[in-house]
Amino acid sequence: MLSDIEIAQNTQMEEITKIASKVGIKPEELEPYGHYKAKISDSVLERLKDKPNGKLILVTAVNPTPAGEGKTTVSIGLGQSMAKIGKNAVTALREPSLGPVFGIKGGAAGGGYSQVVPMEDINLHFTGDMHAITSANNLMCAILDNHIQQGNELGIDQRRVMIKRCLDMNDRALRNIVCSLGGKLNGIPREDHFIITVASEVMAILCLADDIFDLKRRLGNILVAYTYDGKPVYCRDIKADGAMTVLLKDAIKPNLVQTLEHTPVIMHGGPFANIAHGCNSVRATKTALKLADYCITEAGFGSDLGAEKFLDIKCRFANIKPSCIVLVSTVRSMKYNGGVAKDELAKENMTALKKGSVNLAAHIDNLKKYGVPVVVAINHFYADTEQEIAFVKEFCESKGADFAVTKCFANGGDGGKELAQKVVDACEKENNFHYLYDIDMPLYDKIEKIAKEIYGADGVDYTKEAKKSIDEFIELGADKMPVCMAKTQYSLSDNPSALGRPENFRITVSSASLSNGAGFIVCQTGSIMTMPGLSKNPAAYSIDIDENGKTVGLF
């Protein structure tokens with residue numbers, strides 16, 4: 001079989017104006033970036049504001065394993081499959097980050113015959129959104145340090161600067177640095193840090209903002225530092241919010257691209273799901289809901305991270321609700337959770353499959369707590385046997401979830417028609433969507449609710465530093481915000497090696513930060529890298545230009 005990039009490069013794309021016309025976007029409502037990608041003008045949402053929303057379909061997954069589950073591939077394939085069965089659907093996805101593209105994880109444009117194109121553009125610079133977010137974040141940091149240098153009128157304590165610089169790249173050397181060295185003219189020396197752009201609060205704000213004015217308001221609310229006498233300093237206090245908004249005036253507009261089968265895809269925003277809220281932008285999702293009868297969107301990593309935040313944070317802020325949740329799993333992931341090594345997963349092993357099914361069961365149980373119909377999508381791999389598939393089907397149905405096998409990686413839209421029909425049917429079922437917790441619940445109770453109900457923990461412990469921070473945030477009036485848990489994606493617990501459905505454990509909150517502009521409190525558990533590093537053999541080693549000027553080795 002051809003590689004992903006070979007499949008993408010062999011595809012004859014349609015002009016982006018033609019893709020736009022399929023969902024009723026007028027030529028004057030597009031801002032093209034070349035022939036095959038474009039920004040969608042703000043006027044589209046204004047024109048369609050009174051049109052009823054389509055059905056919202058959330059695609060999530062079990063805990064990631066080294067074998068790969070293919071959540072984005074299934075999301076894209078489902079969009080193609082909906083078209084195959086005659087449904088008007090738009091897929092709304094996150095943008096890739098250069099860090100994972102050149103690191104280990106890879107891009108976020110799908111795989112096989114369920115991809116979004118132009119794949120190379122999407123995985124690299126795209127329309128410049130990541131660069132704009134990076135620039136806005138770092139402008140804020142530069143203005144803050146300049147304020148301190150130019151007399152420090154606000155009395156900012158440089159030991160209590162809360163914001164970090166960012167870069168859209170995996171670079172461990174920048175995690176912890178000392179800046180402003182070299183004498184008086186170069187600023188006041190202090191400890192500083194870099195995070196990857198997708199972990200920046202500016203990214204979260206862009207993805208949650210309703211419009212450009214809400215964006216400016218949220219940027220102004222960023223907690224940037226404390227004064228020497230312990231008072232909070234916000235972004236608006238250092239007068240950075242206006243210029244930051246100007247830098248983001250184009251980045252806030254959603255991007256339109258297409259699948260291999262020329263179905264429309266809106267890609268916009270990309271916060272990580274283990275260290276941020278893991279969903280594409282509110283504007284992108286709302287635009288898709290107005291343009292189509294069905295909007296297919298995804299949340300990052302497993303349902304314990306991405307889906308929980310999508311449902312409890314994004315849906316709450318955007319006032320939207322899902323009609324159906326698709327839970328992606330594989331036979332291989334279940335066997336891995338049952339104790340089978342990665343290089344043995346192609347062999348039939350019913351004992352391990354049954355043992356590892358507890359992880360899938362936990363995710364089904366968790367999602368059903370939100371009152372939304374659940375469809376399990378088994379992403380098919382060549383070595384899956386009929387006996388294994390039959391077991392998973394019976395298992396899912398016993399848990400009260402619909403079930404479909406999808407072969408969209410190998411067969412594109414034709415490979416997911418069964419799933420598409422199951423999703424359409426599920427969207428018509430009884431729906432009693434509700435949040436996991438009430439927003440007025442005390443902050444510590446919200447954290448415990450997530451830990452117990454979603455992770456299966458017995459309770460929550462806090463380091464002295466974390467408790468001090470949370471108590472400070474409560475004093476600032478932030479206790480009525482939702483909680484964004486930063487946790488390993490590999491386990492339901494905060495221990496990445498605890499596979500399956502861990503029991504008899506407690507979650508430890510090691511630190512906490514206030515994303516005041518985004519509107520949530522981040523509680524970090526375990527060791528989560530907000531600035532990843534490259535591996536010994538990163539993907540960047542394989543990426544090159546061949547003698548014909550073509551990109552090779554991207555995936």
Side-chain angles (χ1 to χ4, degrees), residues 58-71 73-74 299 301-308 324-370 372-407 409 418-419 422-423 426 452-458 487-505:
L58 171 64
V59 181
T60 185
V62 296
N63 294 104
T65 69
E69 282 63 58
K71 172 163 51 68
T73 300
V74 171
F301 292 129
S303 75
D304 53 321
L305 287 170
E308 186 275 313
C324 168
I325 300 176
V326 176
L327 176 61
V328 179
S329 185
T330 63
V331 168
R332 302 196 312 175
S333 72
M334 294 172 72
K335 289 190 287 191
Y336 183 83
N337 274 283
V340 176
K342 181 182 177 181
D343 57 1
E344 297 289 320
L345 292 174
K347 300 176 182 177
E348 183 177 273
N349 189 328
M350 296 303 297
T351 301
L353 184 66
K354 293 172 183 177
K355 181 181 178 182
S357 65
V358 294
N359 185 259
L360 176 59
H363 289 278
I364 294 173
D365 291 343
N366 287 345
L367 293 172
K368 288 178 75 68
K369 291 173 183 177
Y370 289 91
V372 180
V374 176
V375 178
V376 174
I378 293 296
N379 193 11
H380 187 271
F381 285 80
Y382 72 95
D384 296 348
T385 68
E386 290 185 10
Q387 187 178 0
E388 289 172 328
I389 295 294
F391 168 79
V392 179
K393 180 178 186 295
E394 184 179 344
F395 179 81
C396 291
E397 291 172 348
S398 73
K399 298 294 296 181
D402 285 331
F403 169 89
V405 174
T406 174
K407 299 181 180 180
F409 179 90
E418 179 192 6
L419 173 62
K422 289 284 181 72
V423 166
K452 287 184 174 180
E453 293 287 328
I454 302 299
Y455 308 153
D458 295 331
K487 182 184 74 69
T488 177
Q489 65 268 35
Y490 298 114
S491 171
L492 288 163
S493 73
D494 55 0
N495 175 7
S497 63
L499 303 180
R501 190 172 194 169
E503 297 178 336
N504 304 315
F505 69 94

Checklist entry - After noting the C-alpha distance and the side-chain angles of Val331 and Phe381, does the key distance pass the side chain to side chain contact (heavy atoms under 4.5 Å, CB included) rule? => result CA-CA 8 Å; Val331 168; Phe381 285 80; over 6 Å; no
Checklist entry - Does the side chain to side chain contact (heavy atoms under 4.5 Å, CB included) test come out yes or no for Cys396 and Leu360, once each step is laid out? => result CA-CA 9 Å; Cys396 291; Leu360 176 59; 3.9 Å; yes
Item to check | CA sep, side-chain torsions, deciding dist, call: Thr65, Arg332, side chain to side chain contact (heavy atoms under 4.5 Å, CB included) | outcome: CA-CA 9 Å; Thr65 69; Arg332 302 196 312 175; over 6 Å; no
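Judged by distance alone, the side chain of Lys369 and the main-chain N or O of Glu453 form a donor-acceptor pair under 3.5 Å. In this structure, Asn337 contributes its side chain and Met334 its backbone to no donor-acceptor pair below 3.5 Å. Between the side chain of Lys393 and the main chain of Val405, no donor-acceptor pair closer than 3.5 Å is present. At least one donor-acceptor pair closer than 3.5 Å links the side chain of Lys422 to the backbone N or O of Phe403. The backbone N or O of Tyr455 lies less than 3.5 Å from no partner atom in the side chain of Lys487, so there is not a single donor-acceptor pair.
Using a 4.5 Å heavy-atom threshold, the side chains of Glu388 and Ile378 count as separate. Contact of the His363 side chain with the Leu492 side chain is registered, since non-hydrogen atoms from C-beta on lie closer than 4.5 Å. In this structure, the side chains of Asn359 and Leu499 stay at 4.5 Å or more apart for every pair of heavy atoms. Asn349 is not listed as a side-chain neighbour of Leu353, based on a closest heavy-atom distance of 4.5 Å or more. Using a 4.5 Å heavy-atom cutoff, the side chains of Lys399 and Phe395 are in contact. Residues Asp458 and Asn504 meet the side-chain proximity criterion, which asks for heavy atoms closer than 4.5 Å. In this structure the side chain of Asp384 never reaches within 4.5 angstrom of the side chain of Val392, judged on heavy atoms. Contact check for Asp402 versus Pro373: no side-chain heavy atoms found under the 4.5 Å cut-off.
Across all their heavy atoms, Thr406 and Ala377 have their closest contact at CG2-CB, 4.5 Å. For the residue pair Cys324 and Val423, the shortest heavy atom distance occurs at SG-CG1, 4.2 Å. Contact between Val328 and Glu69 at its shortest, heavy atoms only, is CG1-O, 3.6 Å. Across all non-hydrogen atoms, the minimal contact from Thr60 to Phe301 is OG1-O, 4.2 Å.
Side-chain contact, Asn63 with Asp304: a donor N or O sits under 3.5 Å from an acceptor N or O.
With values rounded to the nearest 0.5 angstrom, Ile364 atom CD1 is found 9.5 Å from Ser303 atom OG.
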